[in-house]
Amino acid sequence: MLDFLRMCRYLVIGSIIVSWIVVFTQSQHPIIGIIIQLAEPILAPFRRITPNLGMLDLSPMIAFFVFYLLEIFIGGLSANFMPMLG
């Protein structure tokens with residue numbers, strides 16, 4: 001579970017970097033398309049709850065912090081329950 005959350009967080013970071021690359025270079029490399037396709041389902045729920053500020057999209061930043069906090073919370077829970085299981 002922690003690996004999945006970490007992967008989601010890295011995809012969000014990748015989508016942020018890719019958005020800057022596309023804006024500044026107008027590049028359409030195939031890897032850019034793959035990162036966008038993988039990150040879009042992750043960012044879509046956050047786009048629905050963040051306000052529309054025109055060109056400024058806050059959803060990747062909110063998503064990054066949510067995944068980071070979930071990672072910390074689930075990691076803490078697993079650290080607390082592991083002694084009980086073994």
Side-chain angles (χ1 to χ4, degrees):
M1 181 66 164
L2 289 175
D3 291 335
F4 175 73
L5 291 172
R6 192 170 293 123
M7 181 196 67
C8 289
R9 198 164 40 103
Y10 290 147
L11 273 173
V12 169
I13 293 170
S15 73
I16 292 169
I17 293 170
V18 162
S19 70
W20 292 339
I21 291 172
V22 170
V23 167
F24 290 120
T25 64
Q26 301 298 321
S27 175
Q28 289 299 324
H29 196 275
I31 293 177
I32 291 174
I34 291 171
I35 292 172
I36 291 171
Q37 286 180 350
L38 289 173
E40 189 56 36
I42 295 169
L43 293 174
F46 295 99
R47 285 200 176 107
R48 284 193 292 268
I49 60 172
T50 56
N52 185 0
L53 299 175
M55 293 293 291
L56 184 62
D57 186 13
L58 297 177
S59 59
M61 186 173 57
I62 303 294
F64 176 83
F65 285 120
V66 166
F67 287 125
Y68 183 67
L69 291 174
L70 281 172
E71 201 175 316
I72 291 171
F73 179 72
I74 292 173
L77 283 178
S78 66
N80 286 336
F81 286 116
M82 285 305 278
M84 292 180 197
L85 297 176

Give, for atom [atom1] of [X] and atom [atom2] of [Y], the distance between the pair rounded to the nearest 0.5 Å.
X: R47; Y: I49; atom1: CZ; atom2: CD1; answer: 12.0 Å
X: L69; Y: L5; atom1: CG; atom2: CG; answer: 11.0 Å
X: L58; Y: N52; atom1: CG; atom2: CG; answer: 10.0 Å
X: L43; Y: D57; atom1: CG; atom2: CG; answer: 7.5 Å
X: S15; Y: W20; atom1: OG; atom2: CH2; answer: 10.0 Å
X: I35; Y: I13; atom1: CD1; atom2: CD1; answer: 11.5 Å

So the side-chain hydrogen bond (donor to acceptor under 3.5 Å, both in side chains) pairs with at least one residue in residues 61-72 (sequence neighbours excluded) are R6-E71, R9-E71
Exercise for the section: For residues F67 and I42, determine if any side-chain heavy atom of one lies less than 4.5 Å from a side-chain heavy atom of the other. Expected result: yes
Note to self: Counting neighbours of CD1 on I31 that are heavy atoms of other residues, nucleotides or ligands and sit closer than 6.0 Å, is the number greater than 12?
What the structure shows: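 Atom CD1 in I31 is not packed in, count stays at 12 or less.
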What one should report as the nearest heavy-atom pair of G75 and L2 is N-CD2, 3.8 Å
- [ ] Could you state whether V66 and Y10 fall into the same hydrophobic cluster, counting links through intermediate Ile, Leu, Val, Met, Phe, Trp or Tyr residues with side-chain heavy atoms under 4.5 angstrom apart?
- [x]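 Yes; tracing contacts between hydrophobic side chains, which count when under 4.5 Å, links both residues.
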- Query: In terms of hydrophobic clustering (I, L, V, M, F, W, Y; side-chain heavy atoms under 4.5 Å; direct or indirect links), are M7 and I72 co-clustered?
  - Reply: no
